[in-house]
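Read through the structure below, which is laid out as structure tokens, and then see the notes.
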Number of protein chains: 2
Amino acid sequence: MYSSELIKGTLKTIILKLLSENEKMYGYELTQKVKDMTGGKIQLTEGALYPTLHALENQGILTTEVVNVGNRLRKYYAITPSGRKIASEKVNEFTDFIATMITLLDLKPNLG
Amino acid sequence: MYSSELIKGTLKTIILKLLSENEKMYGYELTQKVKDMTGGKIQLTEGALYPTLHALENQGILTTEVVNVGNRLRKYYAITPSGRKIASEKVNEFTDFIATMITLLDLKPNLG
DNA sequence: TTAATATACATAATTTTCTTATGTATTTAT
DNA sequence: ATAAATACATAAGAAAATTATGTATATTAA
């Protein structure tokens with residue numbers, strides 16, 4: 001796990017990117033996907049995730065669909081066209097940011 | 001300029017790395033150095049910078065030396081040995097974080 | 001020459017964003 | 001049966017930034 005401060009500011013970008021690649025995902029699924037893909041290095045907390053998902057829905061960036069699975073409800077989120085545009089912008093901005101930070105900190109990133 | 005949320009959490013790393021490379025720098029100098037090195041893409045704000053410098057000093061990570069230049073005072077900050085170790089750890093963590101994010105977001109960073 | 005900009009520090013109020021804690025409830029594994 | 005995992009949600013508090021404000025000197029441009 002990284003010191004929490006590093007991860008700050010990347011939550012929206014992560015959510016939007018994953019929802020750009022998968023037509024629908026639910027909250028818990030997002031937490032597991034991120035945990036798996038990062039070897040546990042990034043773990044989304046519910047207290048941060050759910051309010052952010054709600055906010056993105058209120059802004060029209062995501063839409064929801066509640067599904068009953070067994071006896072439990074599962075709330076699927078899907079990205080809207082405008083959300084897809086925002087996702088792309090956010091990813092581009094983050095890519096640029098990384099390049100800038102590599103220069104500024106004189107990093108030698110080990111790219112697999 | 002990046003959306004502010006992205007830069008969050010990187011301030012300490014930036015300060016400590018620059019002070020690892022330069023034996024002493026003052027606050028305003030740090031703002032200008034970062035602005036120059038990033039082509040204006042990252043601009044440290046005084047409201048964030050000064051409280052952070054004070055905190056790092058209180059933690060024994062930085063030491064200060066006030067110098068009179070003309071009629072104005074300039075407060076130079078220098079990194080301590082323990083601070084140098086923390087700087088190195090922070091830079092390593094950030095490098096690892098970048099690698100993780102590149103994987104997670106499937107980025108193709110354009111490395112000069 | 002005077003007005004604006006740059007240099008140089010500092011702090012307070014507010015906002016944003018996250019963590020931590022708490023709550024409910026079902027399902028699966030031990 | 002009990003614990004852990006699945007699945008949602010929200011509220012209180014902390015952390016870290018932004019924005020605004022304040023003081024003061026030095027330099028540049030009108």
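Only heavy atoms go into these numbers, but all of them, side chains included; no hydrogens, no water, no symmetry mates. Chain letters run A, B, ... following the sequence lines, proteins first, then strands; residues in each count from 1. What you see is a predicted model, and the numbers here were worked out from it, not measured in a lab.
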Report task. In whole angstrom, give the distance that lies between atom NZ of B:Lys75 and atom P of D:dT25. Result -> 19 Å
Query raised in the report: Closer than 4.0 Å, any side-chain N/O of B:Tyr50 to the OP1 or OP2 of C:dA10?
Result: no
Requested in this report: Please state whether the phosphate of C:dA8, meaning OP1 or OP2, lies under 4.0 angstrom from any side-chain nitrogen or oxygen of B:Tyr26.
Outcome: yes
For a quick test of your reading: what N or O donor-acceptor pairs under 3.5 Å do the side chains of residues 65-73 of chain A make, sequence neighbours left out?
none

Query raised in the report: Under 6.0 Å from the NZ atom of B:Lys75, do we count more than 12 heavy atoms belonging to anything else shown?
Result: yes
Requested in this report: May I have all residue pairs that pass ring pair (Phe, Tyr, Trp, His ring centres under 6.0 Å) and include part of residues 57-93 of chain A, sequence neighbours excluded?
Outcome: A:Tyr26-A:Tyr76
Query raised in the report: CG of B:Leu73 versus C1' of D:dA24: gap in Å, rounded?
Result: 9 Å
**Report entry** Position toward the 5' end of DNA chain C (nearest nucleotide), B:Gly27 or A:Thr52
**Finding:** B:Gly27
Report task. Give a yes or no on whether the backbone of A:Arg84 and the side-chain of A:Ser88 come within a donor-acceptor separation of less than 3.5 Å. Result -> no
Query raised in the report: CD1 of A:Ile7 versus P of C:dC18: gap in Å, rounded?
Result: 10 Å
Report summary line: Minimal heavy-atom distance between B:Gly83 and B:Ile61, with the atoms involved, is CA-CG2, 3.7 Å
Requested in this report: State, with a plain yes or no, whether a side-chain heavy atom of B:Lys35 is found less than 4.5 Å away from one of B:Ile42.
Outcome: no
Query raised in the report: B:Leu11 CG to D:dA16 P: how many Å, rounded?
Result: 10 Å
Report summary line: Rounded to whole Å, the CG-C1' distance (B:Asn68 to C:dA8) equals 12 Å
Query raised in the report: Counting N and O atoms only, with roles assigned by atom type, does the side chain of B:Asp96 sit under 3.5 Å from a partner on the main chain of B:Asn92, one being a donor and the other an acceptor?
Result: no
Report task. Rounded off to whole Å, could you give me the CD-to-C1' distance for the A:Glu57 and D:dC8 pair? Result -> 13 Å
Query raised in the report: In B/S/- notation, 5' to 3', how is nucleotides 20-30 of chain C contacted by protein heavy atoms closer than 4.0 Å?
Result: B-----BS---
Query raised in the report: Distance check: side-chain N/O of A:His54 vs OP1/OP2 of D:dT10, anything under 4.0 Å?
Result: yes
Query - Atom-to-atom span, CD1 of B:Ile14 to P of D:dA16 - whole angstrom - result: 15 Å
Query raised in the report: Taking NZ from B:Lys35 and P from C:dA8, how many angstroms apart are they, rounded to a whole number?
Result: 13 Å
